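Because the structure is predicted, anything quoted here is derived from the model rather than measured.
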Amino acid sequence: MLFNSFQYWIFFLIVAALFYSVPFRIGKFLLLGASYIFYMWWDPRFIVLILTSTVVDYYLGILLETASGRRKKFLLIVSLVVNLGILGFFKYYDFFAGSLARLLHVSESSVVLQIILPVGVSFYTFASLSYTIDVYWGKMKAVRNFVDYALFIAFFPHLIAGPIIRARQFISQIQYWRRPAAIMVQGGIILVLSGLIKKMVFADRFAVVSDGYFTDPAAHPGWLAAWSGCLAITFQVFFDFSGYTDIARGCAKLLGFEFPLNFARPFLARNPPDFWQRWHITLSTWVRDYLFMPLSRRRKGRFVLYRNMLVVMVLVGLWHGANWTFVVWGAYHVLLLVGYRLFDRATVGTPVDKVMKQRWFVPFSVGAMFTAFVLSAPFFRAKTLQSSAYVLGALFGSHHVTGDFLLTTGTIVLVFISLFFAVAQERNQFIDRLALQPARIQIPAYVCAFLVLELFPATGPAPFVYFQF
C-alpha cells in the first residue's frame with residue numbers, strides 16, 4: 001500500500017474518519033489495528049516479527065526499570081539479541097553466507113536461503129532498541145500500557161520507511177493526545193502535498209534517467225553519461241525519501257502526532273559534518289546517540305575517534321543494504337568526515353580559513369560538498385563493486401569518450417526549481433510559513449499542488465526507494 005497510491009488515501013481517510021468519531025481511548029486501539037492491517041497488506045506472514053519485537057521489548061522494558069547490576073545488563077543483551085537477531089537473519093544472512101561461500105569456493109546455492117526482506121524491519125528495529133536502551137540508561141520510565149507501546153512501534157505513517165522515532169518522543173504524545181489545532185492540520189496538508197510532489201513529479205522523473213543508466217552502465221559509455229546517471233540517482237533518492245518522510249509527517253500531523261524532521265536541505269550543506277546534520281537526521285542522530293557516543297565514552301584520543309567513525313559509518317552503509325557496495329559507500333563517507341576534520345584543524349587561523357568563512361565563498365563550499373556526495377552514487381546504486389568501479393572510472397574520463405547527456409530538459413528545470421525552493425526555505429522558512437497564511441493564499445496553493453500532481457506525474461505509482469532498506 002504505497003503512499004502515492006489511490007488505495008492508500010482511501011485507507012487513510014477511512015481510518016481518520018473512524019479515529020475522530022470515537023474517544024481517543026478507543027481511537028488508539030483503532031490506530032493500532034489499522035497499523036497492523038497496513039503492514040500485513042504487503043505480506044501478512046511478517047506480522048509475527050513485529051509482534052515478537054513488540055512483546056519482548058515491552059516486558060523487557062518493565063523488567064529493566066527495576067533491575068540492577070548483571071541482571072540489568074543481561075536483560076538489555078536479550079533485547080539486543082532478539083532485535084538484532086531478527087534484523088541480522090532476514091537482512092544479512094544471505095549476504096554473509098554468500099560472501100563466505102565465494103571466499104571458500106563453495107556453491108552459493110548450498111548455503112543461501114533466498115530470504116525475503118520484511119518491509120520496514122530496519123526502521124522498527126531501531127525504534128524498539130531505542131526504547132530498551134533509554135530505559136536501561138534511565139532516560140525514561142518503562143511504558144506500562146501495552147497498547148501505547150505497540151502503537152509507538154507499529155504506527156503506520158512511520159512503520160515502513162521512517163522517520164526513526166524514539167519512545168521518549170512519541171509515548172508522551174499518546175498519553176497526552178489532543179485534537180490537532182487548525183494550524184497543525186494545515187501544516188499536515190502542506191507536508192502531504194509537498195511529499196507527493198517530491199515523489200511523483202520529481203523523484204519518479206529522475207528515476208527514469210537513473211534506472212536507464214544503472215541498469216546497464218556499459219550501454220552508456222562516457223563521462224557525461226556517468227555524471228548524468230549519478231546526478232539523477234542523487235536527486236531521485238533525495239526527493240523519494242524526503243517525499244516519503246514529508247507524507248509520513250503530514251499524515252501524523254493530521255492524526256494529532258508530531259514526527260521529527262528527517263531532512264533539512266542537505267544539498268545546501270557546506271561540509272561533511274553539516275551534511276550529516278541535514279541528511280536522514282533520525283538515522284544519523286540514532287547512531288550518534290546509541291553507537292558512536294557509547295563507543296567513545298571510555299577511551300579518548302584521535303585514533304579511537306577515527307576508528308569509531310569508521311565503525312559507525314560502515315554500519316550505516318550496511319544498514320542501507322546487504323551489499324559490499326554499501327560498505328564501501330560508508331567507508332567513503334568516513335574518508336570525507338576524517339579528511340574534512342584534518343583539513344579544518346590544519347587551516348584554523350590561516351588565510352584559507354578566513355576565505356572559507358566569507359559569505360561569497362558559500363556557493364563554492366556547497367558545490368564541493370554536493371559534488372563529493374554525487375561521487376558516492378556509484379556505490380549506492382550499482383549492484384556490484386565491479387559495476388561501481390566502472391561508473392567511478394567513467395566519471396573521471398577513463399573511457400576517453402564524452403557520451404550522451406541523459407538528463408532531459410524537464411529534469412534540468414526541476415533541478416533549478418528545487419534549488420530555488422531550497423534556498424527560499426533555508427533563508428526564511430518559505431514553505432513552513434505557508435501554514436500561517438490566510439485561506440485566500442492557502443487554497444490557491446493547494447489547487448496548484450493538485451494540478452501539478454495531476455498534470456505532471458512521471459509514471460504510475462512506483463515504490464519508494466527506502467522500502468528496500
Side-chain angles (χ1 to χ4, degrees), residues 2-6 190-217 219-247 250 263 265-268 279 363 366-367 369-371 373-378 380-382 391 394-395 401-426 430-431 434 444-467:
L2 302 175
F3 277 2
N4 54 328
S5 68
F6 182 74
I190 291 169
L191 280 171
V192 167
L193 290 176
S194 68
L196 288 172
I197 290 174
K198 283 181 180 179
K199 169 60 178 171
M200 298 170 66
V201 179
F202 285 73
D204 289 352
R205 191 166 267 104
F206 284 109
V208 174
V209 179
S210 65
D211 291 346
Y213 178 76
F214 281 98
T215 298
D216 186 9
H220 305 280
W223 63 267
L224 195 55
W227 279 102
S228 301
C230 289
L231 284 169
I233 185 59
T234 299
F235 284 115
Q236 179 200 350
V237 170
F238 167 70
F239 285 117
D240 191 284
F241 193 27
S242 68
Y244 179 95
T245 52
D246 279 356
I247 299 170
F263 288 89
R265 301 163 297 286
F267 296 152
L268 296 182
W279 177 276
V366 169
M369 183 61 237
F370 177 72
T371 303
F373 184 73
V374 172
L375 288 173
S376 71
F380 194 91
R381 180 62 174 81
V391 176
L395 288 172
V401 294
T402 302
D404 299 323
F405 187 65
L406 304 179
L407 293 175
T408 63
T409 303
T411 54
I412 295 172
V413 170
L414 291 177
V415 170
F416 284 102
I417 291 173
S418 64
L419 178 61
F420 168 79
F421 280 108
V423 172
Q425 177 72 357
E426 182 84 1
F430 169 79
I431 298 173
L434 182 59
Y446 298 157
V447 171
C448 288
F450 278 115
L451 287 175
V452 168
L453 290 170
E454 185 65 27
L455 297 176
F456 301 107
T459 59
F464 287 84
V465 171
Y466 268 65
F467 276 21

K.L.:
Out of curiosity, Arg205 CZ to Lys199 NZ, how far, rounded to the nearest 0.5 Å?
P.N.:
12.5 Å
K.L.:
Specify the closest pair of heavy atoms between Ser228 and Phe405, including all atoms of both residues, with the distance to one decimal.
P.N.:
OG-CD1, 3.3 Å
K.L.:
Looking at every non-hydrogen atom in both residues, tell me the closest pair between Leu406 and Ala225 and how far apart they are.
P.N.:
CD1-O, 3.8 Å
K.L.:
What's the separation between atom CG in Leu407 and atom CH2 in Trp227, rounded to the nearest 0.5 Å?
P.N.:
12.5 Å
K.L.:
Relative to each other, are the rings of Phe370 and Phe267 parallel, tilted or perpendicular (30° and 60° limits)?
P.N.:
perpendicular
K.L.:
Are Phe235 and Phe202 close enough, and set up right, to give a ring pair (Phe, Tyr, Trp, His ring centres under 6.0 Å), and what steps lead you there?
P.N.:
CA-CA 8 Å; Phe235 284 115; Phe202 285 73; 9.2 Å; no
K.L.:
Nearest 0.5 Å please: distance from the CG atom of Asp204 over to the CG atom of Asn4.
P.N.:
6.5 Å
K.L.:
Quick check for you: to the nearest 0.5 Å, what is the distance between Gln236 atom CD and Thr411 atom OG1?
P.N.:
12.0 Å
K.L.:
Rounded at 0.5 Å granularity, tell me how far CZ in Phe416 sits from CD1 in Ile412.
P.N.:
7.5 Å
K.L.:
Taking the side chain from Ser376 and the backbone from Phe373, do they hold a donor-acceptor pair closer than 3.5 Å?
P.N.:
yes
K.L.:
Do you know which two heavy atoms are closest between Cys230 and Val391, and how far apart they sit?
P.N.:
SG-CG1, 3.8 Å
K.L.:
Please list, chain by chain and in numerical order, all residues satisfying salt bridge (Lys or Arg N to Asp or Glu O under 4.0 Å) with Asp211, sequence neighbours excluded.
P.N.:
Arg381
K.L.:
Compute the ring centroids of Phe263 and Phe241, then answer whether they are less than 6.0 Å apart.
P.N.:
yes
K.L.:
Closest approach of Ala382 and Phe214, non-hydrogen atoms and distance?
P.N.:
N-CD2, 4.2 Å
K.L.:
Distance from Leu191 atom CG to Leu196 atom CG, nearest 0.5 Å?
P.N.:
11.0 Å
K.L.:
What are the two closest non-hydrogen atoms of Ser418 and Phe239, and how far apart are they?
P.N.:
CB-CZ, 3.3 Å
K.L.:
Please assess Leu414 against Phe206 for the test side-chain contact (heavy atoms from CB on, under 4.5 Å), listing each intermediate value before the final yes or no.
P.N.:
CA-CA 9 Å; Leu414 291 177; Phe206 284 109; 4.2 Å; yes
K.L.:
Can you name the closest pair of heavy atoms from Asp246 and Gly195 and give their distance?
P.N.:
CB-CA, 3.7 Å
K.L.:
In terms of ring plane angle, is the pair His220 and Tyr213 parallel, tilted or perpendicular, where the classes change at 30° and 60°?
P.N.:
tilted
